[in-house]
Structure formats: structure tokens, C-alpha cells
Amino acid sequence: MADPLLFNPRTYDPVHFDPETRRLLRATVDWFEDRGKRRLIEDYRSRAWLADFLAFSAKEGLFATFLTPASAAGGEQDKRWDTARIAALNEIFGFYGLDYWYAWQVTVLGLGPVWQSDNATARARAADLLAQGEVFAFGLSEKSHGADIYSTDMLLEPDSDGAGGFRASGSKYYIGNGNAAGLVSVFGRRTDVEGPDGYVFFAADSRHPAYHLVKNVVDSSKYVSEFRLDDYPVGPDDVLHTGRAAFDAALNTVNVGKFNLCTASIGICEHAMYEAVTHASNRILYGRPVTAFPHVRRELTDAYVRLVGMKLFSDRAVDYFRSAGPDDRRYLLFNPMTKMKVTTEGEKVIDLMWDVIAAKGFEKDTYFAQAAVEIRGLPKLEGTVHVNLALILKFMRNHLLDPAGYAPVPTRLDAADDDFLFRQGPARGLGSVRFHDWRTAYDAYAHVPNVGRFREQADALCEFVTTAAPGEEQSRDLDLLLAVGQLFALVVHGQLILEQARLTGLDEDVLDELFSVLVRDFSAHSVELYGKDSATEEQQSWALGAVRRPVVDDARSARVWERVEALSGTYEMKPYPPGRRSTASTVSAIAAQ
């Protein structure tokens with residue numbers, strides 16, 4: 001029987017979405033299943049460009065339906081920017097291969113500056129390109145500066161005719177889809193204007209003669225390009241943003257795009273988990289199944305509950321994204337949390353399973369072999385873990401100590417357009433963002449032993465912030481601050497997990513087992529803080545005092561293990577296409593319901 005908490009292609013039917021979304025999600029699953037596992041792996045190993053996948057997307061109108069906001073949809077009812085269904089598609093792409101997700105992800109990023117722009121011509125052009133099945137690219141990073149948008153060597157020389165055009169010259173690096181994008185949103189600066197007023201975002205075409213593709217900088221189907229513009233003509237209709245608005249568009253685009261990393265990570269872990277549990281359950285070692293060993297059960301159980309936590313947090317974060325507005329910017333904390341915390345949890349999930357399946361994880365006919373590689377990339381995209389931890393710290397005092405009143409945010413699966421994401425406004429003022437009281441979520445589960453134990457640690461962190469927070473000199477020690485950030489991230493992680501658990505009626509055995517893991521994590525980060533070179537005696541004392549032992553319940557752990565063990569054999573991708581039954585018949589059946 002399929003586990004209702006995990007994505008399983010055999011039983012997947014997203015009835016909570018509207019009919020067209022449901023059809024497209026199921027059609028995407030069936031397209032992958034019809035290819036078969038051998039073709040999936042071979043395309044990954046041979047670094048094949050994704051032409052057939054993009055042809056499928058174009059035929060179905062997948063990217064156009066999911067990535068055209070209602071304001072640019074020309075009245076087509078199914079087109080909208082809906083974070084809930086975007087998250088669902090991320091998970092599917094991650095489940096089958098990060099290369100597919102990446103082509104989609106950089107299209108999301110490339111569209112960000114366009115949909116934030118008032119340039120009606122560029123918006124219409126983007127909508128038309130999407131309808132034709134084109135992909136997009138986000139030309140921000142440079143070889144010398146990375147994603148440091150304060151420094152750019154893409155220079156725009158104003159045309160002498162005074163008509164508002166430019167000639168652009170310079171190079172960009174790490175630009176996904178740079179080989180095929182119908183539109184590349186490129187960030188640069190004017191040569192005649194100093195400071196922030198000189199920034200420009202403009203639209204370029206990868207097929208233009210002045211656009212020179214240098215190479216793919218990675219050995220992968222993902223085309224992560226280096227390209228160069230030589231005297232590229234930028235007309236007034238190509239200019240998306242100028243001045244400070246261009247700077248804000250860059251950051252706000254990343255705000256939208258980096259959320260996608262969490263659900264891609266979830267999909268990777270789900271597929272790998274089916275393989276790992278099935279393998280471990282059927283392998284005999286010293287006369288016993290591998291899963292008979294206590295350490296194996298613990299590792300697989302920890303992997304399972306961590307994965308469940310990733311899903312709960314990410315699903316709840318969707319609600320805050322979709323309910324955001326000028327007076328509610330809580331998503332600005334939950335977004336780097338999904339990017340940093342959920343993706344690093346994904347690494348832990350894969351590592352735990354890899355410790356169990358060992359050499360099997362290297363075999364060329366497994367999905368796990370590519371999952372073990374691809375899971376490493378997600379914490380490093382759209383800002384490193386350290387960058388996002390530093391961002392998270394900006395919210396710590398207000399979140400922990402100064403709650404504000406907000407109406408409860410409901411589950412947001414409605415077919416609505418998330419238009420606020422393209423009018424976020426200036427990318428500043430993070431320290432003034434307020435939050436609802438995090439304690440409410442914990443109070444609702446005070447009777448669950450390990451939630452109560454973790455709550456003790458969360459309360460202790462509030463004491464730390466009040467009485468032993470880093471002073472002015474310590475605030476320059478980023479190494480120490482990042483350790484504090486990990487502790488704060490755990491409290492936020494637990495909060496949204498509990499909120500989603502309440503909304504979905506999660507089995508309390510699973511929740512208790514999950515929080516036993518979080519108690520251990522908090523203790524580990526406390527010990528790490530204790531050992532930091534600049535930690536004061538007061539901080540060291542606090543750190544050791546925050547260490548807790550989880551509440552042990554063998555019967556509870558056994559019940560959760562039964563859920564994990566039951567995953568064995570519930571999904572395995574067929575090596576070869578199962579015939580033409582699935583796409584035609586399943587999609588038609590869903591559409592008819």
C-alpha cells in the first residue's frame with residue numbers, strides 16, 4: 001500500500017487541483033514513466049540535451065500554462081502563476097532527474113525580471129515565446145564576480161542617436177539555458193551613469209549574431225553556459241528595468257526562484273528512498289535481512305522522518321508565499337529557510353540511506369547514483385547555505401521575541417494567481433518584518449513528548465538572544481553567527497512542520513519521531529557553538545545547558561519503522577517503456593472524471 005505522505009507515480013492523482021493542472025501533472029508523470037528507467041539514466045549519463053522533454057512541454061503547453069501570470073495570459077483561464085502547482089511540478093521533476101528541473105528552474109528565473117517589468121512589449125513577447133514552447137535564461141552571474149550584483153562588467157554604451165537604446169558588451173557565466181533561450185534577462189550597467197542609477201536589466205536573444213555562446217561550463221545535460229555579448233543592440237523595447245528597480249528585480253527574482261529548490265530536493269529523496277528501502281529489505285547479510293539490524297532501522301527511520309519534515313515545511317511555506325502582500329512579508333524568512341534548511345536536510349536523507357545501501361549507491365542502473373550527486377547541488381544554487389543563513393539571522397529577534405497579530409493563514413490550494421510575487425517592491429527592510437507567535441504551533445502539540453523536549457530548547461534560544469547574544473565585536477565573527485543561525489533555523493523549521501501537521505492530521509508517532517531527530521540536531525549545533533573560538537564563557541555555559549536527550553519510546557519507533565519497511569516494493573520504475581497505455585489512457589481517464 002502506498003504511503004500517503006510520499007509521492008508515488010503509481011497512485012498519483014492530484015485531485016486537489018483544477019482539471020487542467022491535474023491533467024498536466026499526471027501527463028508529465030506518464031511521459032517520464034513511458035520513457036523507462038534505462039532511457040532516463042542513459043540520457044543522464046550521456047549528457048543528452050533535453051530536446052524531447054522540451055518538445056513534450058511545448059506540445060502540452062506545460063511551461064506556458066504554469067509560468068504565464070494571469071496579467072499576461074490574454075484571458076486564457078488555465079494560465080496563472082500558482083506557487084502550489086509550481087511546487088508540485090518541482091517535486092515531479094526532481095523525482096525523475098534534476099536536469100529536467102534545471103531547464104524549468106532557469107526559465108522561472110529568466111521570466112522574473114520580465115513579469116516584474118512595465119514594458120508591455122517585452123511582456124507580450126515573453127508570453128508568446130512561452131506559448132511557442134521556448135525556454136528562458138537569467139543572465140546575472142559573472143565569472144569574476146559570481147552573483148555579486150554590486151559588481152558587473154556587462155557594460156551598456158548609450159546609442160548616440162538619443163533614442164534610448166544601447167550597445168551591450170560583456171560576458172556572463174553559470175547561465176542555464178544560455179544555449180537555447182528565446183529570451184535571456186541580462187543584468188548590466190550603463191557606462192555613462194555612476195552608482196545604482198546605472199543598473200539595467202534588458203532582454204537578449206541567444207540566437208542573435210552578437211550573442212556568442214562560449215561553452216557549457218559543466219559536464220551535464222544541464223546547459224550552464226558562458227556567453228558573451230559583443231556590441232549587442234539593446235532597443236528601448238528590450239529594456240526591462242533601470243536604476244534601483246533593476247537591482248530590486250534581481251533580488252526579487254531570486255526570492256521567487258529559490259523556493260523551487262526545496263521541492264526538487266524532496267522529489268530526489270523520494271525516488272532514492274524507494275530504491276534504498278527496497279534494496280535493504282531484500283538483501284541478506286549474515287543470514288538476516290539488512291533491515292533486521294538496529295542501526296539500519298534507525299538510519300532509514302531518521303531518513304524517512306526527515307523527508308516527511310521537508311515536505312511538511314515546504315507545503316506550509318507555500319501558503320505564506322501565496323498569502324503574502326505589502327503588509328505580510330513573512331515569506332521572506334520562510335523562503336531562505338526552504339532554500340537552505342530543506343535542501344541540506346535532503347543531503348542528510350541521502351547520506352543516511354547511502355550508509356545503508358553502501359556500494360549499491362554507485363551502481364549505474366540505479367537512480368540513487370545520480371541522486372547522490374545531484375542532491376549536493378541544491379544547497380549551493382541561488383545563494384550558498386552560508387548566504388541564506390546570514391539572511392535568516394536578520395529575522396531572528398523579531399521572530400523569537402516580538403510577535404505581531406496576524407489572521408491565520410489557511411491552506412492555499414486554490415486556483416489563484418500569485419501576482420504579488422511580481423510586485424514585491426524594494427528589496428530592503430528585512431529587519432522590520434514581523435511574525436505571528438511561533439509558540440502557538442508548539443503549544444498545540446505540547447502533549448507530544450519530543451515536541452515538548454524541543455520546546456525547552458527553543459525557549460532556551462530566546463533566553464540566549466535576550467541575555468547572551470553576540471556583541472558588536474562578535475557580530476563580525478560570521479563563523480559564530482552561522483552556528484546561532486542553525487539553532488534559529490531549527491525553531492522555524494519545527495514551527496511550520498507543526499502548523500502543517502495540524503492542518504493535515506499527521507500521525508503523532510511520525511511527528512514525535514521527527515522531533516526526536518530535531519532535539520538531537522539542536523543539541524549538536526549547541527555543542528558546535530560551545531566549541532567556537534570566540535564564544536564567551538556565558539555562551540559556552542548556555543550551549544551545554546541547551547543540550548537535551550530525546551524522549552525514547554521503543555514502541556513508537558517500532559510503529560514508525562513499520563511505515564518505512566512498508567515502502568519496500570511499492571514503487572520501482574520500469575526499465576523499459578510499459579507500452580502506450582499510460583499517457584493516453586490515464587490522462588484521458590483523469591480528464592473525463
Side-chain angles (χ1 to χ4, degrees), residues 3 5-6 265-266 268-313 341-362 366 368 371-372 375 445 448-454 457 486 490 493-494 497 501 506-528 547-570:
D3 189 314
L5 297 178
L6 302 185
S265 180
I266 289 165
I268 292 172
C269 291
E270 287 171 319
H271 197 157
M273 178 159 280
Y274 287 121
E275 281 195 342
V277 175
T278 299
H279 171 71
S281 298
N282 289 279
R283 184 168 177 79
I284 305 301
L285 192 63
Y286 306 120
R288 292 189 293 169
V290 167
T291 50
F293 293 93
H295 69 287
V296 167
R297 292 189 174 193
R298 180 191 61 78
E299 287 180 312
L300 291 178
T301 299
D302 281 2
Y304 173 79
V305 296
R306 284 188 186 276
L307 176 53
V308 169
M310 291 163 65
K311 294 200 72 168
L312 293 168
F313 184 93
K341 185 62 180 174
V342 175
T343 60
T344 53
E345 284 291 287
E347 288 189 291
K348 293 175 185 176
V349 169
I350 294 295
D351 286 343
L352 285 164
M353 294 189 294
W354 206 353
D355 281 347
V356 171
I357 68 171
K360 184 71 176 180
F362 294 99
T366 65
F368 198 100
I375 200 70
Y445 283 100
V448 176
N450 280 302
V451 174
R453 187 62 51 88
F454 186 82
Q457 295 176 307
Q486 291 283 8
L490 280 167
H493 189 56
I497 286 171
L506 181 71
D507 184 327
E508 290 190 1
D509 280 343
V510 175
L511 190 66
D512 199 13
E513 195 73 22
L514 169 56
F515 269 81
S516 73
V517 171
L518 300 188
V519 169
R520 280 186 266 137
D521 286 352
F522 197 100
S523 296
H525 287 302
S526 295
V527 172
E528 181 184 3
V547 172
R548 294 289 188 278
R549 173 183 167 83
V551 179
V552 176
D553 183 335
D554 291 339
R556 176 202 71 219
S557 297
R559 290 190 296 270
V560 177
W561 166 247
E562 289 175 2
R563 296 179 68 115
V564 181
E565 191 174 32
L567 295 175
S568 177
T570 56

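The first residue of the sequence shown is numbered 1, and numbering continues consecutively from there. Bear in mind that the values here come from a model prediction, so they are computed numbers and not experimental data.
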Identify the heavy atoms of Cys269 and Ile375 that sit nearest to each other, and give their distance.
SG-CD1, 4.0 Å
I'd like to know whether Asp3 forms a side chain to side chain contact (heavy atoms under 4.5 Å, CB included) with Thr570, so could you lay out the CA-CA distance, the side-chain angles of the two residues, the decisive distance to 0.1 Å, and finally the verdict.
CA-CA 9 Å; Asp3 189 314; Thr570 56; over 6 Å; no
Do Tyr304 and Met273 have side-chain heavy atoms sitting under 4.5 Å apart?
yes
If you compare all heavy atoms of Glu270 against all heavy atoms of Leu5, which two are closest, and at what distance to 0.1 Å?
OE2-O, 4.3 Å
Partner set under ring pair (Phe, Tyr, Trp, His ring centres under 6.0 Å) for His493, not counting sequence neighbours
Phe313
Heavy atoms, side chains only, cut-off 4.5 Å: are Ser281 and Val290 in contact?
no
Using a distance-only test with no angle check, is there a side-chain donor-acceptor pair under 3.5 angstrom linking Ser557 and Glu513?
yes
Mind checking the CG-CG spacing from Leu307 to Leu312? Nearest 0.5 Å is all I need.
9.5 Å
Please report the closest heavy-atom contact between Val519 and Asn450, naming both atoms and the distance.
CG2-O, 3.8 Å
For Ala280 against Leu300, the heavy-atom pair lying closest together
CB-CD1, 4.3 Å
Applying side chain to side chain contact (heavy atoms under 4.5 Å, CB included) to Ala371 and not counting sequence neighbours gives Ile268, Ala272, Ile350, Tyr367
Looking at CE of Met310 and NZ of Lys341, how far apart are the two atoms once the value is rounded to the nearest 0.5 Å?
11.0 Å
Value for CG (Asp521) from CZ (Arg306), rounded to nearest 0.5 Å, stands at 4.0 Å
Value rounded to 0.5 Å, distance of OG1 in Thr278 from CD in Glu565:
11.0 Å
So salt bridge (Lys or Arg N to Asp or Glu O under 4.0 Å) across residues 284-294, not counting sequence neighbours, yields none
How would you list, by chain and number, every residue that makes a side chain to side chain contact (heavy atoms under 4.5 Å, CB included) with Glu299, sequence neighbours excluded?
His295, Leu352, Asp355, Val356
Of all heavy-atom pairs between Leu518 and Gly494, which one has the smallest distance, and what is that distance?
CD1-CA, 4.3 Å
Nearest heavy-atom approach of Gln457 to Ser523 is NE2-OG, 3.2 Å
State plainly whether the residues Asp507 and Arg563 are in salt-bridge range, i.e. N to O under 4.0 Å.
yes
Side-chain (Glu275) to main-chain (Phe368) donor-acceptor, under 3.5 angstrom
yes
Working for salt bridge (charged side-chain N to carboxylate O under 4.0 Å, His left out), residues Arg559 and Asp512:
CA-CA 11 Å; Arg559 290 190 296 270; Asp512 199 13; over 6 Å; no
Could you tell me which residues satisfy side chain to side chain contact (heavy atoms under 4.5 Å, CB included) with Val527, sequence neighbours excluded, listed by chain and number?
Val547
For the CH2 atom of Trp561 and the OG1 atom of Thr291, what is their distance to the nearest 0.5 Å?
5.0 Å
Report the distance from atom CD1 of Ile497 to atom OH of Tyr445, rounding to the nearest 0.5 Å.
11.5 Å
Establish, from distance only, whether the side-chain atoms of Ser265 and Glu347 form a donor-acceptor pair under 3.5 Å.
no
If the condition is side chain to side chain contact (heavy atoms under 4.5 Å, CB included), which residues does Arg520 pass it with, not counting sequence neighbours?
Arg298, Asp302, Ser516, Val517, Pro550
